[in-house]
Visitor: 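Have a look at the structure that comes next, please.
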2 protein chains.
Amino acid sequence: MKPLQYESVIPLYHQLMERLKDSIEKGHWIPGDKIPSENQLMDRFGVSRNTAKKAIEELVQEGILYRIQGKGTFVAKPKLQQSLMGFYSFSKVLKEKGLNPKDVILKIEEVKPTAKIREALQLGEDENAIEMKRLRCANNEPYILESSFIPKNLIPNMDQLKKVGDISLYDLFAQEFNIVVTRAKEAFEPVLIRSEESEYLQTEEGLPGLLLERTAYDVNGTSVEFCISIVRGDRCRFYTELT
Amino acid sequence: MKPLQYESVIPLYHQLMERLKDSIEKGHWIPGDKIPSENQLMDRFGVSRNTAKKAIEELVQEGILYRIQGKGTFVAKPKLQQSLMGFYSFSKVLKEKGLNPKDVILKIEEVKPTAKIREALQLGEDENAIEMKRLRCANNEPYILESSFIPKNLIPNMDQLKKVGDISLYDLFAQEFNIVVTRAKEAFEPVLIRSEESEYLQTEEGLPGLLLERTAYDVNGTSVEFCISIVRGDRCRFYTELT
């Protein structure tokens, strides 16, 4: 790696970050590799402990490195770049990136909707919903914990939902229930991953996650699904284009 | 408030949450109001401590209530609903909602761009950028900490940027520099708010925030701004429509 420029106006920790990122981008280090310790970085780059520490800390916060207590600092997997527009084709995005998508269905059951779900699905007081809760994985690693709520009257036979995973929910909607999803509203906000969610997502409580709520509509403007997702912030990054 | 339905399949804590939310939505309690203590909720609704505790915890996690250690639990301000599409008219959105927007400019200075900024702005090795760092407030409360990086060669006179706040950056671009922003790419991910950011944002370190990175382009497809924003997760919620 190139030595740092001690005379530059660019802070040394920043230069060190760039060098470390370079090594990752060029493939000298791959995800899971242990990077040099603070002491090794101090020796190799002639920087102070504070500079080495700050460079590592920043890269951990950017999600490029991660720490294991007592073991060291390692190269993280790159985040999945996910277009917000194409969000409901999660499996397709994964396939295009050469990742193996898999849905683990956690439950399919009839539920009494909460007020929020009832409102989103425009259900009457006595109408129930079907909840399908699933863990959406890439290469066997969980990325998203997702609950879809669907008006019960749209689903003559709950068992058919078990096919989801082999085909997408919206393809199933079209094929089996004659429902064509044409539009969706999505709201999102950053949250801390909760204990129960962290167990499913195999991550830690208190890490950043994205809470996504989507309402999907058919051609007639009837809401056919309300979906609540928790997305691992250390695995996904979203992008969109504005014109 | 209506009593809870003890025979219902809807869990009691959930019913209690709905009752409390109702009181907030109907304006019986307003932001800053202290809500009843666990003991008072137990008495008033005939529920166990666990149920009262869980209802409050969930509402805190939803951002509807907040706690002050040793003082109690209070009604939070509603989140700002912000269309992702209209993100670069933050001030306009605030005005429409009757909130008073204000930009506090923290610094305007020439900087050597990092590799990331250089790439986004398509700058050569020796080209500098102008950084404008500002705190974007609503009703004198900080919502977003934002750094805009602009190629130096586009800005003949840095001082003109001081007008931002009175007019939007993109209006200034058009009026003073003959730059018309027509397109932007935006990437976002959930993060934890860092110590330094929390001081500007008058919030706590470790709370959820949204990191937004935007590159704005003019009619010729030249990148004219790279902007990094940290948005308070407890104050903003984003939405978008997909078709």
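All chains are named by letter (A, B, ...) in the order of the sequence lines, taking the proteins before the strands, and each is independently numbered beginning at 1. Atoms considered below: every heavy atom in the structure, side chains included; atoms not considered: hydrogens, waters and symmetry mates.
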Visitor: Does E119(B) CD have over 12 foreign heavy atoms under 6.0 Å away?
Guide: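 Not buried by this count: 12 neighbours or fewer within 6.0 Å.
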
Visitor: So, for P190(B) and G209(A), which heavy atoms are closest and what is the spacing to 0.1 Å?
Guide: CB-O, 3.2 Å

Visitor: List the atom of L192(B), the atom of G206(A), and the distance in Å for their closest heavy-atom pair.
Guide: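 Closest heavy-atom pair between L192(B) and G206(A): CD2-O, 3.8 Å.
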
Visitor: For S147(A), which residues count as a side chain to side chain donor-acceptor pair (under 3.5 Å) partner, sequence neighbours excluded?
Guide: E131(A)

Visitor: Is K53(A) atom NZ crowded by more than 12 heavy atoms from other residues, nucleotides or ligands, each under 6.0 Å away?
Guide: no

Visitor: Is it true that, when you exclude E205(B) itself, more than 12 heavy atoms of the residues, nucleotides or ligands shown sit nearer than 6.0 Å to its CD?
Guide: yes

Visitor: Which atoms of E213(A) come close to chain B, meaning under 4.5 Å heavy atom to heavy atom: side chain ones, backbone ones, both, or neither?
Guide: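 For E213(A), the side chain is the part near chain B, not the backbone.
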
Visitor: Does NZ in K185(A) sit with more than 12 non-hydrogen atoms of other residues, nucleotides or ligands closer than 6.0 Å?
Guide: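 12 or below, so no.
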
Visitor: Can you tell me which of R232(B), K112(B), E189(B), M17(B) forms the most heavy-atom pairs within a distance under 4.5 Å of chain A?
Guide: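 Heavy-atom pair counts peak at E189(B).
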
Visitor: Between CD of E58(B) and CZ of R194(A), what distance do you get to the nearest 0.5 Å?
Guide: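 Separation between the atoms: 4.5 Å.
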
